[in-house]
Visitor: 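Take this structure first; my questions come after.
Every value quoted in this text rests on a predicted model; they were computed, and no experiment measured them.
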Amino acid sequence: MVGGEAATEAGRDFIRDIIAADLESGRHRQVVTRFPPEPNGYLHIGHAKAICLNFGVAQEFGGRCHLRFDDTNPTREEQEYIDAIERDVRWLGFDWGPHLYHASDYFEQLYDWAEYLVHVGKAYVDDQSQEEMRAARGTLTEPGRNSPFRERSVEENLDLLRRMRAGEFPNGARVLRAKIDMASGNINLRDPVLYRILHAEHPRTGAAWRIYPSYDFAHGQSDAIEGITHSICTLEFEDHRPLYDWFIDNLPVPSRPRQYEFARLNLSYTVLSKRVLTELVRGGHVGGWDDPRMPTLAGLRRRGVPPAAIRDFIRRVGVAKANSVVDVGMLEFSIREHLNRTAQRRMAVLRPLKVVIENYQGLGEELDAINHPDDPSAGTRRIRFGRELYVERDDFMENPPKKFFRLSPGKEVRLRYAYFITCREVVKDAAGETIELRCTYDPATKGGNAPDRRKVQATLHWVSAADAVPAEVRLFNQLFMSEVPNAGNFTADLDPNSLEVLPGAMVEPSLAGTNAVDAVQFERQGYFYRDPDSAPGKLVFNRTVGLRDTWAKVQAAL
RNA sequence: UGGGGGAUAGUUCAACGGUAGAACAGCGGACUCUGACUCCGUUAAUCUAGGUUCGAAUCCUAGUCCCCCAGCCA
């Protein structure tokens, strides 16, 4: 658990207000919440909001939060997803202790309650086809019509229900329906389906069941069985609440949970739809559920986003009932904020340009570099200088605009932790491409300061050619080009340049160490994280997020 | 023309009849061996129209706009 940290981090919102009031009034002695994913896909950052909310309030108010799989539809659910969900919730920083449950744990009890409703005349078996049911349901503005099977006897209903359970009928032949009100303005109350016939293997119950409960019939009662006090869900379930309450009122359930709804998270330039994410994976548009461009927790993890940054982001976003789209920049802010404090600094040249220091005669002395400017306990490391170096191609311009502070012909800059150098000559290939810079250094500026106190406008990162280690660096842009992508036709909106691979990067030797698995800042560029595609002799780094880039803004304005 | 929700700076969230505030973004500046970080300053909002009240984002009335619901999905 993140414990006290989360408690102090917590904001205030209408959900927490309700819980605080319920505790104060004595309605509940302890708050019990649950995070109820359906195991039909990977968790994404939208789920992180629900997870942080449910586990968060439980922590803050001294209660508990259950992890419960809503596994009522075996035609869509898989064990792979169950495992991934548990892994991702833990990674996010939450612990359900012994409280791991499944809706399928309650199948027998739910079935008993179905028979109970039949006994009291509040449920019936309907033989109508799916099409007939749809036609009889009415529309948004017209009431529905009662099913011709609505007034069957209790005995006949019971017999049919039991034979449904026994597997006597094919898929779709009959359903069990609640007898509520076919004329209700709320369509969820027009005799909703409680059980459908599904001859399908269930990941947990195997072939034990031929009928499976609907979400509506399973969710609230599962909450009641577990003693959930506050059943927190998203807005689209708001008009299911009367039905939720109908089951609680009409069944001998052991407790009285109440449902509250909040607005789900939306992020700009991002799609948080399991359907679309699944198609992205199955259609090969991304490398998998953990592709660093994916908004899944697995993708964010691989990208190098720390879970604490996600929690901080969720806290900043808040909880309310208004639909909204959060600027993805806010997520990036939380990531930078966290990584700036925690990531050690290193030097890496993404697009190398060779520099020869013509007057350097040394053999390559070692210099001290600071691992973290704000954290002395992170210590220092030794980096080797040399006659041949690499600097960033973007740090040189032959004909620079006025505001360009970096290297250009005749200009002096500082090489971080090393010396001042001045560009003397530009070497080009036959095509006119700059391939090398001939520079001179000032031996008196060793360590990076001039005895005469003269200043330079820029400090450049660099690596020495002699001991630089080659690496592949992967840069990511948003997967979608539109600020609010159209989930209906998302392929047209995919950015073909969302992945940029730089195969020829050169990094500090310290980055090749086997223990270099933590997030790291490549100075002046961004935060990077070792990708699992790395292998002995093959380093791969993902850019988690770039540093704020004021120069890019100035440049864009030129 | 049914039912359920929602509208506050560009964005997200506060303010619960009593000075409309924060964060992110933006803009300007300071600092800087990261054009980073940090710090300082600053632009910027109550959907509309009436009403109640000494006083309304908040209460009332009438509108407007947006979202969700017609799966044997969740």
Visitor: Is a side-chain donor-acceptor pair under 3.5 Å present for A:Ser147 with A:Gln128?
Guide: yes
Visitor: Send over the distance from A:Glu261 CD to B:G5 C1', rounded to a whole Å.
Guide: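 Those two atoms, CD and C1', are 9 Å apart.
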Visitor: Measure from CD1 on A:Ile314 to P on B:C24 and round the result to the nearest Å.
Guide: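 The answer, rounded to whole Å, is 17 Å.
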Visitor: Are A:Phe149 and A:Tyr124 an aromatic pair by the rule of ring centers under 6.0 Å?
Guide: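 For A:Phe149 and A:Tyr124, the ring centres are not under 6.0 Å apart.
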Visitor: So, does A:Thr550 get its side chain near the phosphate of B:A36, meaning an N or O under 4.0 Å from OP1 or OP2?
Guide: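 Looking at the OP1 and OP2 atoms of B:A36, one of them is under 4.0 Å from a side-chain N or O of A:Thr550.
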Visitor: Kindly confirm or rule out a cation-pi arrangement of A:Arg416 over A:Trp462, judged by NZ or CZ under 6.0 Å from the six-membered ring centre and within 45° of its axis?
Guide: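 Pair A:Arg416/A:Trp462 does not count as cation-pi.
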Visitor: Roughly, in whole Å, what's the span from CD in A:Glu337 to P in B:A25?
Guide: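 Interatomic distance, CD of A:Glu337 to P of B:A25: 11 Å.
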Visitor: What about A:Phe237 and A:Tyr215, are their ring centers closer than 6.0 Å?
Guide: yes
Visitor: Rounded to the nearest angstrom, tell me the gap between atom CG in A:Asp374 and atom P in B:C31.
Guide: 19 Å
Visitor: Less than 3.5 Å between a donor and an acceptor, one on the side chain of A:Gln525 and one on the base of B:U34, is that the case here?
Guide: no
Visitor: Could you write nucleotides 63-74 of chain B as a row of B, S and -, 5' to 3', where a protein heavy atom under 4.0 Å of any base atom gives B, of only sugar-phosphate atoms gives S, and otherwise -?
Guide: ----SBBBSBBB
Visitor: Using a cut-off of 4.0 Å on non-hydrogen atoms, how would the nucleic acid contact of A:Pro373 be classed: base, sugar-phosphate, or nothing?
Guide: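 Counting heavy atoms under 4.0 Å across all strands, the contact made by A:Pro373 includes a base.
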Visitor: Does the structure place the NZ or CZ of A:Arg174 under 6.0 Å from the centre of the six-membered ring of A:Phe169, at an angle of no more than 45° from the ring's axis?
Guide: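 The answer is yes, since A:Arg174 meets both limits relative to A:Phe169.
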Visitor: Does CZ in A:Arg152 sit with more than 12 non-hydrogen atoms of other residues, nucleotides or ligands closer than 6.0 Å?
Guide: yes
Visitor: Would B:G6 be called syn or anti, given that syn covers angles within 90° of 0?
Guide: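 Base orientation: anti.
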Visitor: Please name the residue in the list A:Phe522, A:Phe528, A:Tyr527 that meets the ring-ring contact (aromatic ring centres under 6.0 Å, His included) test with A:Phe541.
Guide: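 Filter result, single survivor: A:Phe522.
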Visitor: Does A:Ser268 place a side-chain N or O at less than 4.0 Å from the phosphate oxygens OP1/OP2 of B:U11?
Guide: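 A:Ser268 to B:U11 OP1/OP2: no side-chain N or O under 4.0 Å.
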Visitor: Mark yes when over 12 heavy atoms from residues, nucleotides or ligands other than A:Glu24 sit less than 6.0 Å from its CD; otherwise mark no.
Guide: no
Visitor: Which of these passes side chain to side chain contact (heavy atoms under 4.5 Å, CB included) with A:Asp223: A:His66, A:Arg34, A:His230?
Guide: A:Arg34
Visitor: Under 4.0 Å from OP1 or OP2 of B:G26: is there any side-chain N or O of A:Lys553 that close?
Guide: yes
Visitor: When the distance from CZ of A:Arg548 to C1' of B:U38 is rounded to whole Å, what number comes out?
Guide: 12 Å
Visitor: B:U34 C1' sits how many Å from A:Arg406 CZ, rounded?
Guide: 11 Å
Visitor: In whole angstroms, how far is the C1' atom of B:A36 from the CG atom of A:Asp549?
Guide: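 Computing the A:Asp549:CG to B:A36:C1' distance gives 10 Å.
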Visitor: Tell me, what's RNA chain B's dot-bracket, Watson-Crick or G-U with both distances under 3.5 Å, | for other-strand, [ ] crossing?
Guide: .((((((..((((....[..)))).(((((.......)))))....(((((..]....))))))))))).....
Visitor: Starting at atom CZ of A:Phe333, determine the distance to atom P of B:A23, rounded to an integer number of angstrom.
Guide: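 After rounding, the reported distance stands at 10 Å.
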